[in-house]
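Input: a single structure, listed below in structure tokens.
Please read all numbers here as calculations on a predicted model, not as lab measurements. Chain naming here is simple, since letters A, B, ... match the order of the sequence lines and numbering starts at 1 in each.
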Protein chains: 2
Amino acid sequence: MKGEKEYLAAYNIHDYDIPLVGVDAVLFTYHGDMLKLLLVERRNHPDKNKWALPGGFVDKQSDKTLEDTVLRKIQEKTGVEPPYLEQLKTYGNALRDKRGWSITVCYTALISHQVCAPHVVSVSDVAWVAYDELSNYSLGFDHLEIITHARERLKQKSLYSVIPAYALPQKFTLPELQNLHEVLIGKPLQKKSFRRRIEQAGLFEDTGEKRTEKGRPATLYRMKDSSACFTFVRNLEQ
Amino acid sequence: MKGEKEYLAAYNIHDYDIPLVGVDAVLFTYHGDMLKLLLVERRNHPDKNKWALPGGFVDKQSDKTLEDTVLRKIQEKTGVEPPYLEQLKTYGNALRDKRGWSITVCYTALISHQVCAPHVVSVSDVAWVAYDELSNYSLGFDHLEIITHARERLKQKSLYSVIPAYALPQKFTLPELQNLHEVLIGKPLQKKSFRRRIEQAGLFEDTGEKRTEKGRPATLYRMKDSSACFTFVRNLEQ
DNA sequence: ACAAATAGTGTCTCAAAGACACTATCGGGT
DNA sequence: ACCCGATAGTGTCTTTGAGACACTATTTGT
């Protein structure tokens, strides 16, 4: 009967027939009154020349956790770390990748368009694609299914949280956030209801600044640290 | 420049340094007025003789999807398929397993105690453990963290859904379900509020049968198919 | 027959969302 | 200087659904 030490010394991962495993990120932003997401045009097989989510394989040397892997991949494409990153779901089956049994741990990330715009334009195979124009792109693997699921989850979150605010710049206005929520839910919202719940929960702080576009200037707010995890007890009407 | 066919022919997964990957299930049930979960005493290294979640590695031949893998593992220990299975989260990092970089795709499952009792008693290294008595067990890997997270998610679900009903037998009474919710939330609930929302949403159907223990007999209900995905717009008080 | 125990209801209160009209503050045109 | 269109932000009534809690209903045991 061997002890643990001997077992571990004799252990070789390549003795086992294990699936391929990677990560993918659905990185959303809000720009030009549209929900957009980052796509990458594949330069390699398989699904070469199709569009896909930013993602890749774990680097056992440089990555200590799965989050390290996603953040590294997102940084390669955008040049920055997103302020919001949450695990979405893991997809794993025998058919999703032509190379065989494969697993991808998927994340939803949110970022302001502005903060990563400079880097994104400098990378040739990367594009912000409006969610509503996805049908113009040929997507590789099962990435359309993943994107659809991420979109649905983000819609749900917009009903009971202010998490979508992470898709805006650090300083943002309430009408701007409300517009984003309306795009996510696909219906207009009552201004009063929307503002009331945010004010009562004390989620944002007034920066003291205003922004004028047309009409009365809007107050610029900043998120408080607590606001990411705050959930309202009652959902907005769908 | 190679085509996809040539690429795939030359592809060998063992050329890459990929992490170990498996699945684990937090299988809850409700029995004797307690929330319990299934633990397995490990017979092999690593973490030999410690308790762990039922789980294991993907079998690329027999499993077509990750769900197949979990269901197979749960069936090995309980003899049955749980009526509720949902992905919880994927844990992956360099340190959680002594064998090196490892990933586990975790699921939450619910089942009635009764339906798997016969098989569970026949398997020697498996036990239903009350959640509140977990501290008496030495758990392997990061399974305590996983269990804690699954417990928290189940509590949240009990605030806005009737998903905990899957931890009861097919036919169950409303007071029985309310007790389970109270255990999950850790607070007494208003009988009227609890029943009202279920009735208004039309989630259950009356079996016509009654069950008498002490006092007035309680109506036995059965879940409708739709009730798994139904969510109330408003949470119960925490 | 009556008490204890549990199931199930009636109804008032309260919190928070919906609806919508109102006021406030800016730029631009005259 | 003043008014107008546009957008920001508020007041307030209605509606929905949960909390509180007393009430009725149906069983068993004595």
- Item | d(CG, A:Asn235; P, D:dA18) in whole Å | 12 Å

- B:Glu176 CD to C:dT6 C1', in whole Å, measures 14 Å

- B:Thr219 side-chain N/O to C:dG8 phosphate OP1/OP2 under 4.0 Å: yes

- Query: A:Ala218 has a side chain; which of D:dT27, D:dA8, C:dG8 sits nearest to it?
  - Reply: D:dA8

- Task: Pick base, sugar-phosphate or nothing for A:Thr173, based on heavy-atom distances below 4.0 Å to the nucleic acid.
- Result: nothing

- When rounded to whole Å, the CZ to P distance for the pair B:Arg234 and C:dA17 reads 9 Å

- Query: Base, sugar-phosphate alone, or nothing: which one does A:Lys210 contact when heavy atoms must sit under 4.0 Å apart?
  - Reply: nothing

- Item | side chain to side chain contact (heavy atoms under 4.5 Å, CB included) partner of B:Leu38, the single match among B:Leu27, B:Val26, B:Leu53 | B:Leu27

- Query: Whole-Å distance between D:dT7 P and A:Leu174 CG?
  - Reply: 17 Å

- Query: In whole angstrom, what separates B:Leu220's CG from C:dT6's P?
  - Reply: 17 Å

- A:Phe232 CZ to D:dA18 P, straight-line distance once rounded to whole Å: 19 Å

- Message: Just N and O in the side chain of B:Arg195: are any of them under 4.0 Å from OP1 or OP2 of C:dG8?
- Response: yes

- Query: Are OP1 or OP2 of D:dA18 and a side-chain N or O of B:Gln190 less than 4.0 angstrom apart?
  - Reply: no

- Query: Choosing from C:dT25, C:dT6, C:dA19, which nucleotide comes nearest the side chain of B:Arg216?
  - Reply: C:dT6

- Looking across every strand, which nucleic acid part, if any, lies under 4.0 Å from A:Arg196 by heavy atom: base, sugar-phosphate, or nothing? base

- Message: If the threshold is 4.0 Å, N to carboxylate O, is there a salt bridge linking A:Lys157 and A:Glu86?
- Response: yes

- For B:Lys73 and B:Glu76, what are the C-alpha separation, side-chain angles and deciding distance, and is it a salt bridge (Lys or Arg N to Asp or Glu O under 4.0 Å)? CA-CA 5 Å; B:Lys73 288 292 167 185; B:Glu76 282 175 13; 3.7 Å; yes

- Message: Measuring from the side chain of A:Lys191 (C-beta onward, heavy atoms only), which nucleotide among D:dA20, D:dA8, C:dA7 has the closest atom?
- Response: D:dA8

- Task: For B:Lys187 and B:Glu182, run salt bridge (Lys or Arg N to Asp or Glu O under 4.0 Å): C-alpha distance rounded to whole Å, both residues' side-chain angles, the deciding distance at 0.1 Å, then the answer.
- Result: CA-CA 5 Å; B:Lys187 279 182 81 168; B:Glu182 287 172 341; over 6 Å; no

- Query: Hey, which of these two, A:Ser193 or A:Glu213, hits DNA chain C nearer its 5' end, going by closest nucleotide?
  - Reply: A:Ser193

- Query: So, A:Thr173 versus A:Arg211: side-chain donor-acceptor pair below 3.5 Å or not?
  - Reply: no

- In whole angstroms, how far is the P atom of C:dA7 from the NZ atom of B:Lys192? 16 Å

- Message: Is there a side-chain contact between A:Lys214 and the phosphate of C:dG27, meaning an N or O under 4.0 Å from OP1 or OP2?
- Response: no

- Query: Is the phosphate of C:dA17, meaning OP1 or OP2, less than 4.0 Å from a side-chain N or O of A:Arg197?
  - Reply: yes

- For B:Phe172 and C:dA7, what is the distance between atoms CZ and P respectively, to the nearest whole Å? 14 Å

